[in-house]
Structures are given as C-alpha cells and as structure tokens.
Amino acid sequence: MKFNVLRTGGSFRASLASMAIAATLLSGTTLAQAQEHGGILTISQVADAQPVALLALRAGNTPWIRNVFETLTRIDPATFQPQPVLAESWTLAEDGLSMTIALRSDVTFHSGRPMTAEDVKFSFETAALPESTSQVGFIAREFESMDVVDDHTLNIVFKRPLSNVFDFFEETYIVDKDTYDQREDGSQVIGTGPYTFAEWSPGASITLKRYEDYRVEDTAWFDEIEVAIIPDPTATIAALRSTRTQIATGLTPRDTLEFTRNPQFEVVETGGTMYPLGVNVGIAPLDNKLVRQAIAYAVDRERINDQVFLGTGTVTDLFWSPSAPGYTDELASHYSYDPEKAKGLIAEAGAEGATIPIVVPAIPSQRSIFEIVQNNLREVGLIPEAVVLDVADFDKRQVAGDLGAAFLLLHGQIGFSSPTLLSSLPSLREGNPSGFWNDDYVALREAMLAATAPEALGEATTALTEYMLDEAYSTVLVQAPGQIVVAAGLEGVETSVRGGLILAGAYEE
C-alpha cells in the first residue's frame, strides 16, 4: 500500500477518498461501501479514559470520544468552515448578538431517548461551569441567555459578538442530561454517536460497540472497537508489529519512525500539541524574574525538536499559531538557546545551586523532554528534580493550579484561534498553575479579546506577547503535530482538526 501522510490542524491535507468519506458523514448520507458489518477494530492509547471529564480535552478520551459523542458542528478539514452534525442549520443575527440553531429531529441517545434542545442547553450550561474543566467553557459564559423554542430549536443570545463560537460548538459534546451525573464509573456514558461506550476496565481497556439504531445507515462497520491502554511505547510498537493493534496513538515521532518506512503501515499527522515549560511565580527562586528568564534561555528547543520530535515540530516561544495576527519570527525566537546568558542571570539573581522540582506527566514525550531540560538546567547551575505524576493526577492538579514550582505541560489545542487559546489554555487562563495574574496582564488580555479587525488583533497580540515573554512565567518549547500509526488495509480513518479519531467510516479492505 502506498504510504502517505494526512495532516490535520493548520496544515491539513487529506486524500480525496478521506475527504469524500468526511463529506458523506457530515451530510448524513449513506456510505456506498460493499463491505459487510462485523469484526473488531483494535486501537491503543497511552492514557486511560476519563469519563468524568467528558467536556474537557483529555488525552485519555481523545482516541474514542468522537465515536461515542457528537457535537453540533464539525470543522470541515478542507475549508475550515463549520459543517452540521447534530445541528441542521443556524442563523446568526445581523448584529452578531444572537443565533438560532435548528437541530436534527432524528437523533437518539444510546438509551433510545430522542435528543432535544433541552439536552443541548444542558450540555452548554454544564460546559460553562468551572467544575466541568472544559477548556472552551468560558465561551459559553459569554451567552446572555439560552431559550428552548421547541424540541429542535434553540435560541442563544450573546453578551457580545463572539468570533469563536464555533470553537465552542466543535469541542462541546452533547451529553444525555438524564444520565450525565452517572458517568464517572463508566456505567452510564451515553452519547449519540455511531458507537456505544460498552465497557471500561480502568487502566486496561475500553470497549465500544456499534450502535444499531444510529441514524445514518451503513455507518460503524465494525461490531466492536477494542481500546487497549498501553503506557509503554515499546509494548505498543510490539502490538503493532504483531497486528494485535491496528491503530496506535500517543507515540512520539521516534517511536513511529520505523513505520514511516514500512509499507504495511501509514503514519498520520493529527492535530497538534504545544509543550510549554511553566514556573510558579510565587515560589522562590522563581519569584525572581531573572531566574525565570534564565530558565527560558537555558532550554535548547532545537534539540528537543530534533531528538523528541525528529524535526517535525515548530520551535517557538509562543502559544499562537504562526499564521495568527501578531505572530512574528522575532517574538517566536526571543529566548533562543543562550546558556551563557542564562548563567549570568542566575548569578545576578544569586540563585546558583537552587533546586527546581519539575512536575512531569507520565507520558513518553514529556519524559523525553524532561531529560533534555534537566541537562540544560544543570549546565547553567540549577538542580532540577523530576516529580512524575500519573496523567489523571496531573490533570486534576493542573486544573486546580497546583503543580508546584515548575512543570512541563502539554496542550492539544492547536487549531483554536488566539482569543480562544488565551482563555482556554491552562497555562494562560485565570487560575493558571504559575499563579500569574495581575492588573497589567488582565488589561492586555482584555485588549486582545476586544479586538475584532485583524490589524487591531495583531497589535494587541504583539503587546500581550511582549509582556508575557518578559515575565517568562510560561513559554512554549515546541509546537508539534500528533501522530498515529494505521495498519495497511484499514481505510476511512478520519481525524478532527484537533486530532480526535473519527472511526464511523473506518473499514477493512
């Protein structure tokens, strides 16, 4: 089978066949494939499922959740325009202050109950609650009101025009209001997608089963999808080689290298993740800006990109997309690797020999990044110490803003607009684990959020970026695409613009 790479996110390119399948699914028409339903699709992922966090972007949910749950709209990977999924259509008022959404009338939850506008309203209201930990929930907090007109019509009034409302629609799954509070143990994970969440063995596996009453015929070709939780990349690679796994997620480019040269597999680039190094500005010696700046100069980002991501990433200090207004190469390379300058700043601050505990989530890429950061900081006179946390504990502490002195984060939100990133990223929003929040920062944020024209947005973004770089409380090391490995003969595998697996049209040749 000919090898090709499919890209999503800002550099998405899809094969004509994949685009045709995506268009078919988005329009709700029948797939004209001759394959028979049946069989089991096996995939692997690094982190365990977190059904308690259905409305948050979680690594343990990304490989399966879009097959169990659906959203109002989905961004077309070719045009980056929203396309209907559970919404049939929408009408935005001329002043941009209200929207009327017409919902499909043929949607049922896996319980058999019809989905109504009350479920959509409930899902949006729940996402707006801080305890949902939704990274886009802040957008719903800009809704003045939501009124259910009838079972299939919802009217939303906004406090101000929202240029990023489709970011919210894209990432907010519509949940069953009757069972949502029973989701945590996995017994009632009820969506509207082509597969049901049938069984979960925490730390071991997830089983999805074809939803027989799905509204689109000839969808979900496999009877089951078995998801194996395999934190060890060596074990994942072995499972791929032996064909025990047909799709593998969560691997680093180094792990996937052998598969790019093997005609029995495809390597698919999906979405993207930014990898920041953050520090808590309230903990000595990191309360000294000179030390924070020294750490930023000390890290060899090029080495991280080359060794961990095999050069596939973008070396940058910034959270924004390179195509975003206000992004410049000068700002992106502000903290170019300069160990001598770092040593001087540490000496000036009187911080030589200071111990810096660094929290690291138990993910292969983060462990690899830490090894490089550790060596870099030792070279400039600091003593870094790893504090490794399992992913679930790490996520809880990140949401609580309680990660200690320093921490390596990862945010799979490439593809969001800059205003959305500003309030969705744990590193940047209020309550961030750096403890960074003051009047100057708030004023610069508000100026960026208020800007609508590209020129004004660029100016506001530049001003905020310069301030953030000077404070050095959190700087990106690399922005890198995600990668999955797909066995030859498995067709129709899709991904969302932010990397979620979509397997409704997947089938075996």
Please tell me whether [X] and [Y] have a donor and an acceptor in their side chains that are separated by less than 3.5 angstrom.
X: Thr420; Y: Asn164; value: yes
X: Thr236; Y: Arg244; value: no
X: Ser427; Y: His411; value: yes
X: Thr256; Y: Gln483; value: yes
X: Glu385; Y: Gln374; value: no
X: Ser134; Y: Ser132; value: no
X: Thr462; Y: Tyr327; value: no
X: Gln413; Y: Ser424; value: yes
X: Trp320; Y: Thr465; value: yes
X: Glu226; Y: Thr207; value: yes

- request: Compute the ring centroids of Phe309 and Tyr275, then answer whether they are less than 6.0 Å apart.
  value: yes

N/O donor-acceptor pair under 3.5 Å between Asp317 side chain and His334 backbone: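 Side chain of Asp317 to backbone of His334: a pair is present.
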
Is [Y] paired with [X] through a side-chain N to carboxylate O contact shorter than 4.0 Å?
X: Arg498; Y: Glu171; value: yes
X: Arg292; Y: Asp287; value: no
X: Arg303; Y: Glu371; value: no
X: Lys343; Y: Glu379; value: no

Exercise: identify the closest heavy-atom pair between [X] and [Y]:
X: Val308; Y: Thr252; result: O-CB, 4.0 Å
X: Val478; Y: Gly313; result: CG1-CA, 4.0 Å
X: Gly492; Y: Tyr507; result: N-CE2, 4.5 Å
X: Pro361; Y: Leu408; result: CD-O, 3.3 Å
X: Leu55; Y: Ser123; result: CD1-O, 4.1 Å
X: Ser44; Y: Thr249; result: O-OG1, 2.8 Å

- prompt: Around Glu131, counting heavy atoms of other residues, nucleotides and ligands shown, do more than 12 lie under 6.0 Å from its CD?
  reply: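 Counting neighbours around CD of Glu131, more than 12 heavy atoms of other residues, nucleotides or ligands fall under 6.0 Å, so yes.
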
field: Asn438 atom CG, neighbour heavy-atom count above 12 within 6.0 Å
entry: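 Atom CG in Asn438 is packed in, count exceeds 12.
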
- line: Applying side chain to side chain donor-acceptor pair (under 3.5 Å) to Lys396 and not counting sequence neighbours gives none

Under 4.5 Å between any side-chain heavy atoms of [X] and [Y], yes or no?
X: Gln50; Y: Val391; result: yes
X: Ile358; Y: Leu377; result: yes
X: Ile237; Y: Asp255; result: yes

- request: Walk me through it: do Ile43 and Leu501 pass the test side chain to side chain contact (heavy atoms under 4.5 Å, CB included)?
  value: CA-CA 10 Å; Ile43 68 178; Leu501 271 177; 4.2 Å; yes

task: Please test Glu258 against Arg241 for salt bridge (Lys or Arg N to Asp or Glu O under 4.0 Å), starting from the C-alpha separation and ending with a verdict.
output: CA-CA 10 Å; Glu258 70 170 272; Arg241 289 172 180 163; 2.6 Å; yes

field: Aromatic plane relationship, Trp64 with Phe197 - under 30° parallel, 30 to 60° tilted, over 60° perpendicular
entry: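 Correct class here is tilted.
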
- prompt: Would you call the rings of Phe436 and Tyr473 parallel, tilted or perpendicular, where under 30° means parallel and over 60° means perpendicular?
  reply: parallel

message: Within 45 degrees of the ring normal and closer than 6.0 Å to the centroid, is that where the cationic atom of Arg261 sits relative to Phe259?
response: no

